[in-house]
Amino acid sequence: MSKFLETERLALRPPERRDIATLAVLFADHDVSKMTVRIPFPYRRADAEGFLSQAAGVRASGGGEVFVVARKPDSYCLGTIGLERREGGLHLGYALGKFYWGQGYATEAAGALVRFAFETLNEPRILASYALDNPASGRVLTKLGFEPIGTEQVRSLARNATVICRVTELTREVYSQGRHGARERDKRAA
Ligand SMILES: CC(C)(COP(=O)(O)OP(=O)(O)OC[C@H]1O[C@@H](n2cnc3c(N)ncnc32)[C@H](O)[C@@H]1OP(=O)(O)O)[C@@H](O)C(=O)NCCC(=O)NCCS
């Protein structure tokens with residue numbers, strides 16, 4: 001996979017040592033970690049270091065790509081995003097520090113990764129799931145054209161509990177028909 005993607009405001013780049021301290025602050029917030037499956041609470045520097053190793057391992061094994069979402073031009077880390085090959089296909093996941101919510105960054109970063117998966121990797125579909133009590137993530141996926149295909153129960157490390165997640169998919173067919181954009185335009189026009 002490519003090591004670097006860019007959008008208007010963001011650079012998606014591999015995590016680096018300089019991101020460890022930042023991630024340790026951003027992901028220490030339970031409001032962030034509780035909405036994810038794999039970010040533990042409490043989140044310590046060692047967890048951020050582990051994230052770097054895990055990202056390198058995923059990349060080395062060809063199992064996907066895990067990026068830091070960095071703002072331009074200073075390349076400061078705002079959060080993380082990744083595509084990982086698991087059972088059923090390529091899974092999209094992301095998390096941003098709370099300071100950076102509500103500015104369209106997740107949609108912008110995930111949109112770039114979706115484009116890359118379909119246009120460069122020729123993937124047939126991308127999966128993503130989100131906890132039912134996480135409407136912001138559901139909205140990001142809806143804006144990108146993901147559609148619900150079911151639910152699953154997943155163990156959340158930060159909650160130390162099982163959460164019910166909605167599973168969604170975006171197929172290359174839907175993506176290439178541009179239906180994701182059309183649906184948004186229809187909604188605005190209604
Ligand atoms: C989910 C997350 C990545 C979204 O990041 P973001 O940069 O704020 O997302 P965007 O700004 O691109 O889009 C968020 C959308 O959700 C909407 N939204 C936010 N809170 C909402 C709520 N409580 N109910 C409904 N919609 C909500 C926003 O209005 C926006 O939609 P709009 O553009 O139509 O107005 C961020 O909240 C986050 O990191 N959360 C913690 C970790 C997490 O949830 N990761 C995903 C696990 S599946």
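In listed order, ligands and their atoms are each counted from 1.
An N or O contact shorter than 3.5 Å is missing between A131 and ligand 1 by distance. Checked against a 3.5 angstrom limit, the closest N/O atoms of T36 and ligand 1 fall outside it.
Of all the heavy atoms of L96, the ones lying under 4.0 Å from any atom of ligand 1 are found in both the backbone and the side chain. By the criterion of a heavy-atom distance under 4.0 Å, the side chain of N134, and not its backbone, is placed next to ligand 1. When heavy-atom distances to ligand 1 are checked against a 4.0 Å cut-off, K143 comes that close only through its side chain, counted from C-beta outward.
The heavy atom nearest to atom 7 (O) of ligand 1, out of those in A106, S129, G93, is found in A106. Nearest residue to atom 34 (O) of ligand 1 from M35, R38, K34, R139 is R139 (criterion: closest heavy atom).
Look at G79 and you'll find every heavy atom at least 4.0 Å from all atoms of ligand 1.
The only option from R59, R85, R13 that meets the salt bridge (Lys or Arg N to Asp or Glu O under 4.0 Å) definition with E65 turns out to be R59.
Closest approach of L127 and V167 over heavy atoms only: CD2-CG1, 4.5 Å.
Salt bridge present: E84 and R38 bring a charged side-chain N and a carboxylate O closer than 4.0 Å.
Residues Y94 and T36 have side chains that never bring a donor and an acceptor to within less than 3.5 angstrom of each other.
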